[in-house]
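Have a look at the structure below, then the notes.
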Number of protein chains: 2
Amino acid sequence: MNKKIKLTPPAQKSKAGKLRIAEVPRTLRELALERLRAAIVEFHFKPGQRLIERDLCEQLGVSRSVVREVIRHLETEGLVHTIPHQGPSVAKLDAETATQIYELRALLESAAAQAAAAVANANDLAKMSNALDLIADAYARKDFHTVLGATNGFYEAMFMCAHKSVAWDMVQRLNGRISWLRSLTVSSVDRGSTGPMQMQKILGAIKIGDGPAAAAACRDHLATAGEIAKRLIAAEEDA
Amino acid sequence: MNKKIKLTPPAQKSKAGKLRIAEVPRTLRELALERLRAAIVEFHFKPGQRLIERDLCEQLGVSRSVVREVIRHLETEGLVHTIPHQGPSVAKLDAETATQIYELRALLESAAAQAAAAVANANDLAKMSNALDLIADAYARKDFHTVLGATNGFYEAMFMCAHKSVAWDMVQRLNGRISWLRSLTVSSVDRGSTGPMQMQKILGAIKIGDGPAAAAACRDHLATAGEIAKRLIAAEEDA
DNA sequence: GATTGTAATATGGTATACAATCTAAGTCAA
DNA sequence: TTGACTTAGATTGTATACCATATTACAATC
């Protein structure tokens, strides 16, 4: 009965570089933030579920101050919704908002793809290609968690080589809000074939420097993802 | 010890009667947030300036907890930058980021304008038209603060009628980060004529339902604004 | 069974304490 | 003067206790 939700993901080793002097001091708050965010996007808390401060204190092993600050952060990110005197809860996603988010991703990602097609070098292309390999591999193993991670890797490489870090931040934040849709989408039937295929098409267009084609491929990719999501959310709201 | 996960998640049965007290209780935190944000975007704190918690407590008349939570919020919004154990300061804007922000605004606003052209009704058009009148009037009085506010009003009406509230949130957040550039831009010479003229062009295209023209006008508008901003930021970094 | 009163709970907010860390001023040596 | 070292004060990070108020759960009542 004691739902001691494991807010303790695998302790990650800091990949301390060689001769790294400026080791940025990590505060407890940052750790708590990451864990709570991970717990939400990985669906350990369901949308609409109340987040009770004192329980979170216990589960995270930190004080109320820290929990409150972390909640303020996640609230601003759109992952948590707070009603005054009622407290925070995991943000719910309505169909309208989800649609807008998929539209925005299409807009942002296609623009990034177009720009990437104009400037990508061999190194950038290799990164994206590797990510695609990883995705195919993970799909074969039905390791959907890795699929999502590698997909992020693919797009991050694309946005970074297009020098669009601000846009990438926005996409990441949007992705957080639709994390449960993404999870369900990647694990839906036949997504293992169409998804990578469409991303391959994006990469192919970038490789030959065909910006418009890359943008179109992005829009295609997002359109199908958005379609699946729309069905999922309709099924959800039906229940 | 206490794991009562009841708390009625799906309560909230809003049987809104006419006697409904619609006024959501405002927390002290929200007030403090608005004031501090206003102080930053209105340039009462300069970029790079340290924000010392205890000073803010005094100035706002609230406790440290509230100030810290507010700072966490503004940090997530990108208006404040915090270095661990060194504290928060007003975020600085580099040329690269500013460029990206103007690009993003062009992308988002042109998409919204295109969508608006397809769906705007008389009421929407009236709102935008009124905003334009307000802008012209304020320019005549050199009341640049009102110019910015009315410009926001114009775009808000446009995004809302296009059903793009999420995109509008993003634009608003981006605008916060370039607030000082916007202030300087609107008050720069001859902006009082070109600015309203370009926006009039956007509205005109929306009015006749010409989506592509509306999008193009938006891009024009942002391009000139971005140009001015680029010069301003170059001058700034020179100093 | 619906309404109402009451107790338990959770939040919003304040104040305080204290260790870790940063900053700045001062000191001393070359 | 410059540079390195020291130290005192300022500031942040975190924890905790406390209170008032709003909300929720629950029992008593009609």
Side-chain angles (χ1 to χ4, degrees), chain A residues 1-3 5 7 21-36 45 48-76 80-91, chain B residues 1-17 19-36 45 48-76 80-91:
Chain A
M1 88 140 189
N2 207 335
K3 343 188 70 176
I5 294 172
L7 292 172
I21 290 277
E23 186 85 23
V24 186
R26 312 213 66 204
T27 59
L28 245 190
R29 191 175 65 235
E30 286 176 276
L31 293 191
L33 172 63
E34 284 170 22
R35 298 211 179 163
L36 187 51
F45 295 105
Q49 181 177 339
R50 286 279 309 272
L51 297 171
I52 289 124
E53 292 179 5
R54 288 188 159 90
D55 290 352
L56 293 178
C57 292
E58 257 187 64
Q59 296 180 247
L60 288 163
V62 297
S63 73
R64 232 179 122 203
S65 333
V66 172
V67 165
R68 288 180 64 94
E69 290 180 34
V70 165
I71 285 180
R72 255 12 107 203
H73 190 115
L74 294 173
E75 187 183 351
T76 312
V80 163
H81 179 68
T82 299
I83 302 172
H85 294 113
Q86 192 167 325
S89 53
V90 179
Chain B
M1 40 185 80
N2 60 334
K3 281 291 117 73
K4 313 193 175 176
I5 316 284
K6 297 199 173 173
L7 285 169
T8 35
Q12 200 60 3
K13 197 59 174 173
S14 69
K15 49 192 171 173
L19 288 183
R20 175 87 179 164
I21 295 185
E23 194 171 339
V24 198
R26 311 212 66 200
T27 59
L28 203 54
R29 196 173 59 236
E30 285 176 276
L31 294 189
L33 172 63
E34 283 169 22
R35 298 220 178 155
L36 187 51
F45 295 105
Q49 181 176 339
R50 284 280 309 273
L51 297 171
I52 286 126
E53 293 179 5
R54 285 189 161 84
D55 292 351
L56 293 178
C57 292
E58 256 188 65
Q59 296 182 248
L60 289 165
V62 296
S63 72
R64 237 181 117 201
S65 328
V66 172
V67 166
R68 287 179 64 91
E69 289 178 37
V70 165
I71 285 178
R72 253 14 106 202
H73 190 115
L74 294 173
E75 186 184 351
T76 313
V80 162
H81 179 68
T82 300
I83 302 173
H85 293 112
Q86 191 168 327
S89 53
V90 179

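To find a chain, count down the sequence lines: A is the first, B the second, and so on, and within it residues start at 1.
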(request) Indicate for each nucleotide in nucleotides 5-13 of chain D, in 5' to 3' sequence, whether protein heavy atoms under 4.0 Å reach the base (B), only the sugar-phosphate (S), or nothing (-). (result) ------SBB
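Considering only residues two or more places apart in sequence or on other chains, Glu69(B) meets the salt bridge (Lys or Arg N to Asp or Glu O under 4.0 Å) condition with Arg68(A), Arg72(A), Arg29(B). With sequence neighbours left out, the side chain to side chain donor-acceptor pair (under 3.5 Å) criterion links Thr76(A) to His73(B). Qualifying side chain to side chain donor-acceptor pair (under 3.5 Å) partners for Gln59(B), counting only residues two or more places apart in sequence or in other chains: none. By the side chain to side chain donor-acceptor pair (under 3.5 Å) test, Arg64(A) is found to be paired with Glu53(A), residues two or more places apart in sequence or in another chain being considered.
Dashed line: the shortest gap from a side-chain N or O of Ser63(A) to OP1 or OP2 of dT14(D) is not under 4.0 Å.
Contact check for Ile71(A) versus Pro88(A): side-chain heavy atoms found under the 4.5 Å cut-off. At a threshold of 4.5 Å between non-hydrogen side-chain atoms, the residues Phe45(B) and Leu56(B) count as touching.
Judged by Watson-Crick or G-U wobble contacts below 3.5 Å, the nucleotide dA10(C) has dT21(D) as its partner.
Contact annotation: side chain of Ser65(A) to base of dA15(D), donor-acceptor pair present below 3.5 Å.
Nucleotide dT14(D) holds its P atom 9 Å from the CG atom of Leu31(A), rounded to whole Å.
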